[in-house]
J.: 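Dropping a structure here in structure tokens format, bear with me for questions.
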Amino acid sequence: MTEGTTSAAAEGADTLTRLEQEGEIAADYLEGLLDIADLDGDIDMDVEADRASVSIISDAGGRDLQKLVGRDGEVLEALQELTRLAVHRETGDRSRLMLDIAGYRAKKRAELSELGAKAAAEVKSTGEPVKLEPMTPFERKVVHDAVKTAGLRSESEGEEPQRFVVVLPA
């Protein structure tokens, strides 16, 4: 192994350790929140796509956890920001942690990937750009990834909270 390979491997291990630490801090914070709210849920931690990922899941079907998702995921977004702030307070570093509750984001990701693929197919058949409805940054990212996978390109336009994706011909 060369010196550059060794340092790259060490840097990767350091990043993984840091992301695991973010996950631990977030899990502790969220467990406290669940206790305060008197809600049952298990915490699952992972590292995916260079970010910590924490999920709150429930054996009871997650009906109580839906309160933590809120309408259109609004409460989930707020809890994610609060959790990121808790991690920042402990580490001093900005966190890109992703929070999922009762599988809401996983389900949303699948729906948005399908939407992106359908929009890409429409653009391929008509040759005309397709503008989608306004979305959150998370939602736009999923659609951009789906469009890229379909071999096309996309851009975000507009100002928050009315920012939307435009799928463009090749």
Side-chain angles (χ1 to χ4, degrees), residues 1-2 4-23 26-27 43-57 62 65-66 68-85 87-88 93-170:
M1 261 211 277
T2 66
T5 306
T6 305
S7 65
E11 186 176 304
D14 288 347
T15 299
L16 181 61
T17 301
R18 181 181 52 78
L19 292 174
E20 288 172 344
Q21 178 189 18
E22 282 186 19
I43 309 289
D44 184 33
M45 295 178 298
D46 199 4
V47 173
E48 49 189 52
D50 290 334
R51 66 172 55 184
S53 175
V54 179
S55 300
I56 302 175
I57 53 178
L65 293 181
Q66 291 304 315
L68 297 179
V69 173
R71 189 180 55 126
D72 296 327
E74 290 173 342
V75 176
L76 171 58
E77 289 289 333
L79 288 173
Q80 177 175 277
E81 285 307 309
L82 289 171
T83 305
R84 286 177 174 177
L85 286 170
V87 170
H88 177 70
D93 295 326
R94 182 179 170 275
S95 174
R96 295 178 51 232
L97 176 129
M98 287 296 287
L99 175 62
D100 192 5
I101 299 174
Y104 176 82
R105 274 200 207 275
K107 181 181 171 200
K108 191 76 171 171
R109 182 177 281 126
E111 291 170 1
L112 290 165
S113 291
E114 187 176 327
L115 175 67
K118 284 181 179 177
E122 183 180 334
V123 169
K124 283 180 180 178
S125 71
T126 66
E128 296 294 318
V130 171
K131 293 181 181 181
L132 302 175
E133 295 296 315
M135 299 178 192
T136 67
F138 161 76
E139 293 168 335
R140 289 193 310 269
K141 170 79 168 99
V142 173
V143 172
H144 285 305
D145 289 347
V147 169
K148 184 176 180 181
T149 299
L152 293 181
R153 62 188 184 89
S154 57
E155 297 175 351
S156 291
E157 293 183 4
E159 298 292 323
E160 295 291 353
Q162 296 299 312
R163 202 152 164 80
F164 60 94
V165 174
V166 179
V167 182
L168 303 164

J.: Return the set of residues passing side-chain hydrogen bond (donor to acceptor under 3.5 Å, both in side chains) with Glu157 (not counting sequence neighbours), or none when no residue passes.
T.: none
J.: Does CG belonging to Asp14 count more than 12 external heavy atoms closer than 6.0 Å?
T.: yes
J.: Grab the two heavy atoms, one from Met135 and one from Glu133, that are nearest each other, plus how far apart they are.
T.: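 Closest approach of Met135 to Glu133: CG-O, 3.3 Å.
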J.: Can I get a per-line list of side-chain donor-acceptor pairs under 3.5 Å for residues 160-170, giving both atom names and the distance, sequence neighbours left out?
T.:
from   : atom 1 : to     : atom 2 : distance (Å)
Glu160 : OE2    : Arg140 : NH1    : 3.1
Glu160 : OE2    : Arg140 : NH2    : 2.8
Arg163 : NH1    : Gly158 : O      : 2.7

J.: So how far is it from Ser125 OG to Glu128 CD, rounded to the nearest 0.5 Å?
T.: 10.0 Å
J.: Would you say the side chain of Met98 lies within less than 4.5 Å of the side chain of Arg84, judging by non-hydrogen atoms?
T.: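 SC-SC contact between Arg84 and Met98 confirmed.
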J.: Going from CD1 on Ile101 to CG on Leu76, what distance comes out if it is rounded to the nearest 0.5 angstrom?
T.: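 If we round to the nearest 0.5 Å, Ile101:CD1 and Leu76:CG are 4.5 Å apart.
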J.: Using the side chain to side chain donor-acceptor pair (under 3.5 Å) rule, take Ser95 and His88 through it: C-alpha gap first, then chi angles, then the decisive distance, then the call.
T.: CA-CA 6 Å; Ser95 174; His88 177 70; over 6 Å; no
J.: Table please: side-chain donor-acceptor pairs of residues 109-124 below 3.5 Å, with sequence neighbours left out.
T.:
from   : atom 1 : to     : atom 2 : distance (Å)
Ser113 : OG     : Arg109 : O      : 3.0
Glu114 : OE2    : Lys118 : NZ     : 3.1
Lys124 : NZ     : Ala150 : O      : 2.6

J.: Arg153: which residues meet the side-chain hydrogen bond (donor to acceptor under 3.5 Å, both in side chains) condition with it, sequence neighbours left out?
T.: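 side-chain hydrogen bond (donor to acceptor under 3.5 Å, both in side chains) check on Arg153 returns Glu155.
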J.: How would you list, by chain and number, every residue that makes a salt bridge (Lys or Arg N to Asp or Glu O under 4.0 Å) with Lys141, sequence neighbours excluded?
T.: Asp145
J.: How would you list, by chain and number, every residue that makes a side-chain hydrogen bond (donor to acceptor under 3.5 Å, both in side chains) with Arg51, sequence neighbours excluded?
T.: none
